[in-house]
Amino acid sequence: MPIAGVQRIDHIAIAVRDIDAALAFYRDTLGIAPSEIKDVPTEGVRIAFLPMGGPDGSKIELIQPLDPANSIGRFIDKHGEGQHHICLAVADIDAALAQLQAEGVPVLDQTPRIAAEGRAVFIHPKGAHGVLVELVQPAE
Ligand code: ZN
């Protein structure tokens, strides 16, 4: 059975070494104005949100590691800068997680985590044909 309530792409996350350097392309060349740039100390990252398409649109998130030893830092060490994950918005994250677990999909969270956008669950790339997938129930 399909996951009930997948609505749209919420964001595409790109791991970068330096957000200011990345904004020279995404903001200045492509013209996507960041709505917010903030440090998330609990995750050891700095995030720039670049929304497009209005309230029902999607966004690019640039993620810069503040600690080279965390997961984003290690990702860049191993792969270089680049796409880190895609995120799909769902209506009900608890129902989606229960369904994933029932179907044996390799999830990285056994309960939804509190992410920048709402409550979220990550699916291992081996369960999603090579892409790290995040499902999020956006905060109201
Ligand atoms: Zn994300």
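Read the numbers this way: they start at 1 and go in the same order the structure lists the ligands and their atoms.
Under the 3.5 Å distance criterion, with hydrogens and angles disregarded, a donor-acceptor pair is assigned to the side chains of E134 and H11. In summary, the side chains of E117 and Q137 do not present any donor paired with an acceptor at a separation below 3.5 Å, with no hydrogens or angles considered.
Distances under 2.8 Å from the Zn ion (ligand 1) pick out the protein N/O/S atoms H11 NE2, H85 NE2, E134 OE1.
Take F122 and apply the ring-ring contact (aromatic ring centres under 6.0 Å, His included) test, not counting sequence neighbours, and it matches H85. Among residues two or more places apart in sequence or in another chain, the side chain to side chain donor-acceptor pair (under 3.5 Å) test is passed with Q83 by none.
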- Item | side-chain contact (heavy atoms from CB on, under 4.5 Å) assessment of V131 paired with I86 | CA-CA 8 Å; V131 179; I86 67 168; 4.1 Å; yes
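Sorted by first and then second residue, the pairs that involve residues 29-42 and meet side chain to side chain donor-acceptor pair (under 3.5 Å), not counting sequence neighbours, are D39-R46.
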